[in-house]
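Convention: sequence-line order gives letters A, B, ...; per-chain numbering from 1.
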2 protein chains.
Amino acid sequence: MLLSIDKSKGETIFDQLVNQIKSLIESGDLQEGFQMPSTRQLGISLGVNRSTVIRAYEELWALGYIESTPGSYTKVRKRKSLNKDISPVSHGEIFWDDILKEAYKPDYVKLERFSQLVREENEHLISFNRLEPDSRLIDVRLINNCIRESISDSDKQIFSYCNPRGYELLRRSIVSHMRLHGVNSKDENILITNGSQNSLQLIFQTFITKDDYVAAESPTYSMLIPLIKYYGCKILEIPVTESGMDIEVFKKHLKKHPIKMIYTMPTFHNPTSVTLPQDKREELLSLCEKHKVIIIEDSIEEEMKYFGKVHLPIKSIDSHGVVIYLGSFSKILAPGFRIGWIIADKECVNRLTALKTMFDLSSNTFSQIMLYHFCKSGYYELHIRKYLRVFRKRMKVALKALKTYMPADKVVWQEPLGGFLIWLKLNVKADKIDLEEHFQKFGVKIIDGSSFFYNPPKEHYLRLSISKCNEEEIEEGMRRIAKALEELTVES
Amino acid sequence: MLLSIDKSKGETIFDQLVNQIKSLIESGDLQEGFQMPSTRQLGISLGVNRSTVIRAYEELWALGYIESTPGSYTKVRKRKSLNKDISPVSHGEIFWDDILKEAYKPDYVKLERFSQLVREENEHLISFNRLEPDSRLIDVRLINNCIRESISDSDKQIFSYCNPRGYELLRRSIVSHMRLHGVNSKDENILITNGSQNSLQLIFQTFITKDDYVAAESPTYSMLIPLIKYYGCKILEIPVTESGMDIEVFKKHLKKHPIKMIYTMPTFHNPTSVTLPQDKREELLSLCEKHKVIIIEDSIEEEMKYFGKVHLPIKSIDSHGVVIYLGSFSKILAPGFRIGWIIADKECVNRLTALKTMFDLSSNTFSQIMLYHFCKSGYYELHIRKYLRVFRKRMKVALKALKTYMPADKVVWQEPLGGFLIWLKLNVKADKIDLEEHFQKFGVKIIDGSSFFYNPPKEHYLRLSISKCNEEEIEEGMRRIAKALEELTVES
């Protein structure tokens with residue numbers, strides 16, 4: 001073996017030994033099976049301490065370059081080479097599908113839609129498709145203040161794991177904030193999650209078994225549908241009327257099936273934007289109390305009441321703890337922080353927390369502490385007031401533009417009291433048309449209403465979200481929709 | 001009805017009407033069933049426009065204060081009052097347990113331990129219990145730079161949803177970083193998650209069905225155990241020897257059972273800190289390729305090699321895509337960002353992404369963009385080098401202190417080559433002693449080694465993590481441990 005150890009070199013003798021032997025093996029100068037000199041021999045011949053040679057051999061063994069069997073000589077070993085190919089042989093779809101859980105056949109195509117939604121916008125298009133806040137309205141200076149405060153904390157808590165229930169001070173801020181909505185709760189009723197979708201998943205994962213009956217409005221939140229399918233539950237659809245879900249239909253379902261849970265958006269329902277009046281809220285609650293049905297109340301936009309008075313959440317009159325309320329910072333402030341919350345009976349929160357701990361240990365500490373400062377400084381309430389002022393105007397512009405531009409024979413809508421959504425019912429022949437593509441050709445992105453139905457509807461609908469558009473964009477967008485409608489034929 | 005409308009007031013007539021009628025009902029002046037005047041009558045008597053009265057009645061109806069049946073008079077309605085009680089009647093444990101999924105009986109007590117771990121530290125205690133970075137080593141200035149860059153981005157992407165696969169530029173940074181570890185991959189092989197626990201959950205949820213066989217080292221990562229129990233799989237334990245898992249035992253398991261997955265930490269195994277040598281890595285990989293067993297390679301600390309050369313991950317020689325590699329920013333930088341990553345066959349990544357989309361839409365955008373800037377600027381590699389330098393010294397201090405202070409008859413350990421962990425095997429009578437309490441009495445927090453076993457072991461172990469301690473704290477902590485050991489009796 002040609003080794004030369006230079007004691008005056010910066011590299012340690014150990015490193016020189018390991019690196020030189022490694023090179024000889026990698027270059028092929030030392031072939032597989034070559035019998036290495038004993039540590040004693042090598043130490044003497046190189047004039048280095050035997051213990052250094054022993055350590056070097058141990059290292060080479062650990063790295064897979066030599067092997068030694070008890071009572072035998074140490075030999076050169078053929079080491080598996082690195083996988084240089086950046087696209088290794090793929091097991092392919094079949095392999096991974098084979099080992100999937102049997103029940104798990106998500107609809108990749110539909111789920112891929114979400115990725116598409118978050119992709120880069122084309123600036124020539126007006127986006128009525130995303131229900132996401134207009135980040136131009138965020139006062140970055142205030143966010144910066146809060147980040148500075150969060151980071152300057154001497155404990156550097158922002159870098160650590162957080163309590164799985166959520167950052168305690170943020171939970172208290174949420175308790176205070178929810179009091180403005182008539183919801184009285186304590187810290188122990190709050191679980192902070194990675195946004196409302198995560199809240200929903202935790203609830204389904206904890207309580208829903210295959211073949212359970214779950215009721216929901218029809219149409220409903222589009223990302224509820226894959227969850228319903230994934231967990232294999234049976235959906236009972238409740239049509240949405242001009243004043244929210246049709247409670248009579250819910251009553252009929254109750255007579256026939258043991259319903260475990262009902263998912264509802266009573267305020268500015270997504271996608272129809274209708275609001276359930278108080279008497280129906282009370283009736284729904286009484287029915288669910290009587291039949292022990294859990295109510296999931298998803299209230300992502302309820303701050304955004306423009307016209308008339310505020311409806312308080314069902315949770316505000318829930319004296320028996322059957323309502324699991326879902327809140328979020330994603331629809332008014334920013335989804336990028338991925339923070340939402342659940343308010344529920346404390347025993348329910350305990351069970352959800354156990355799952356949350358197992359599933360991701362805790363929500364994002366950085367976002368939570370930053371948002372705590374945002375709430376504590378009063379910035380959040382300020383932001384909501386600003387948002388309300390701006391969007392009251394924007395919604396008025398949208399409703400006026402609708403009246404001005406839309407062809408009355410082809411489209412009808414109900415004026416929303418708040419929120420960001422407008423639900424258009426089309427009266428056109430469009431069975432063979434990809435509506436989203438059609439409107440995009442006219443420079444406006446909308447969502448085909450069928451995305452919000454469990455079973456495809458016979459009628460055609462569009463959901464427009466004005467949440468990312470300013471007044472000019474709304475006005476222009478409505479004009480484009482009207483133009484695109486001109487090209488479609490009235491359903492006779 | 002005593003209503004007085006003042007047209008010169010700032011409050012609109014609509015608001016005055018609604019608020020005054022509401023007050024009369026709430027005060028009891030208008031009783032349930034009281035017949036309201038017709039809108040026409042009221043409009044005339046107050047001298048206000050009838051349409052305003054109609055809108056006010058609609059609002060009062062929506063708010064639940066009045067009801068109207070077709071063809072009949074409008075009447076005052078008794079509205080459910082707000083739930084003023086901040087602790088509503090709880091359904092109690094039994095109710096929520098009844099509706100839990102049958103299979104789901106998590107061990108609340110054990111999961112609550114995690115919450116306890118993240119609670120405030122007592123400054124008089126030395127914490128060897130948390131495997132979490134020392135935030136004193138974070139250069140807050142650099143983090144601030146990255147936040148500033150992230151926020152100043154004109155698109156304000158940090159406030160938006162992110163691609164469910166993860167922020168594209170961060171995925172590319174991870175691809176580059178992993179090349180330093182011999183792992184060649186493309187963007188499409190990466191999925192960014194909310195930390196390694198979230199990675200594990202996604203993998204279990206996607207691929208593991210009840211009664212599947214899953215192999216894992218014994219002892220193993222403590223938070224794997226609740227997942228194994230929750231998903232109802234059958235665990236096959238593989239004892240850890242001085243040089244990593246005992247492959248012979250794994251072979252025996254393979255002969256008896258169709259194993260679906262093996263979870264392993266080949267480098268600086270948690271909790272024992274041993275490292276699997278290269279030949280065994282290759283043997284394990286070949287066995288898994290042959291038997292189609294998925295390898296989950298959890299490599300949270302592999303940057304931290306202090307002594308000898310670096311072992312490359314099994315993923316680096318995985319030419320058939322059977323290895324799912326888990327990486328994380330939590331163990332070297334900060335768990336508060338809740339960002340980890342999965343590297344796997346692209347078909348596998350597609351399936352995991354579908355689930356991720358359904359479960360929380362996307363990981364935290366803010367953290368991801370910040371970390372991208374941290375990687376891009378070279379700060380991450382700098383941070384790792386600094387960490388390595390600091391902890392090489394700290395580990396030396398720890399090993400020296402062990403030798404100096406520990407009573408040789410009561411404790412043995414193996415010197416780790418890297419990482420933050422030291423695994424002490426005790427030779428003391430402690431069957432009836434709460435070890436964590438005992439050591440805490442002496443001012444040092446450790447974790448009882450039994451937490452890392454699926455089935456409680458006969459021997460007693462302690463896991464010490466030096467990850468949050470500086471040299472002085474380590475030295476003092478070891479002294480305290482030695483003192484605490486003095487109080488225990490040698491097992492004869």
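- Ranked by non-hydrogen atom pairs under 4.5 Å with chain B, the options A/S199, A/G64, A/P133, A/S196 are led by A/G64.
- Proximity to chain B (any heavy atom under 4.5 Å) is shown, for A/L227, by both the backbone and the side chain.
- For B/N364 (side chain) and A/F337 (main-chain N/O), a donor-acceptor pair under 3.5 Å exists by modelled atom type.
- Here B/F159 is the residue among B/F307, B/F159, B/F366 with the most heavy-atom pairs under 4.5 Å with chain A.
- Judged by distance alone, the side chain of A/T365 and the main-chain N or O of A/S160 form a donor-acceptor pair under 3.5 Å.
- Judged by distance alone, with hydrogens and angles left aside, the side-chain atoms of A/R351 form no donor-acceptor pair with the main-chain N or O of A/F207 at under 3.5 Å.
- Heavy atoms of B/T193 lying under 4.5 Å from chain A are absent altogether.
- Using a distance-only test at 3.5 Å, with no hydrogens or angles considered, a donor-acceptor pair links the side chain of A/N189 to the main chain of A/K186.
- For the options A/E59, A/H311, A/E282, A/K156, heavy-atom pairs under 4.5 Å to chain B are most numerous at A/E282.
- The closest donor-acceptor contact from the side chain of B/R165 to the backbone of B/V349 lies at 3.5 Å or more, if one exists at all.
- In this structure, the portion of A/S367 lying under 4.5 Å from any heavy atom of chain B is its side chain and not its backbone.
- Proximity to chain B involves both the backbone and the side chain of A/Q197, based on heavy atoms less than 4.5 angstrom apart.
- With a threshold of 4.5 angstrom between heavy atoms, A/S243 approaches chain B through side-chain atoms but not through N, CA, C or O.
- Of the listed residues B/L60, B/L333, B/V18, B/I147, the one with more heavy-atom pairs under 4.5 angstrom with chain A than any other is B/I147.
- Contacts of A/E283 with chain B are absent, with no heavy-atom separation under 4.5 Å from either backbone or side chain.
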Requested in this report: Would you check, one step at a time, whether the test side chain to side chain donor-acceptor pair (under 3.5 Å) holds for A/S363 with A/Q368?
Outcome: CA-CA 8 Å; A/S363 293; A/Q368 289 188 73; 4.6 Å; no
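- Among the candidates A/V323, A/L285, A/V183, the single residue satisfying the side-chain contact (heavy atoms from CB on, under 4.5 Å) test with A/I317 is A/L285.
- Between A/S185 and A/R179, the shortest heavy-atom contact is O-NH2, 4.4 Å.
- Nearest heavy-atom pair, A/R136 versus A/K468, reported as atom, atom and distance to 0.1 Å: NH2-O, 2.9 Å.
- Contacts of A/S152 with chain B are absent, with no heavy-atom separation under 4.5 Å from either backbone or side chain.
- Heavy atoms of A/Y65 lying under 4.5 Å from chain B are absent altogether.
- No donor-acceptor distance shorter than 3.5 angstrom exists from the side chain of A/K260 to the backbone of A/D212, with no hydrogens or angles considered.
- Residue A/L312 touches chain B through its side chain alone, counting heavy-atom pairs closer than 4.5 Å.
- Interface remark: of the candidates B/S330, B/G195, B/P226, B/P226 forms the most heavy-atom pairs closer than 4.5 Å to chain A.
- For a residue to count as touching a neighbouring chain, one of its non-hydrogen atoms must lie under 4.5 Å from one of that chain's; by this rule A/N19 touches chain B with the side chain only.
- Only the side chain of A/I143 comes within contact range of chain B, judged by heavy atoms closer than 4.5 Å.
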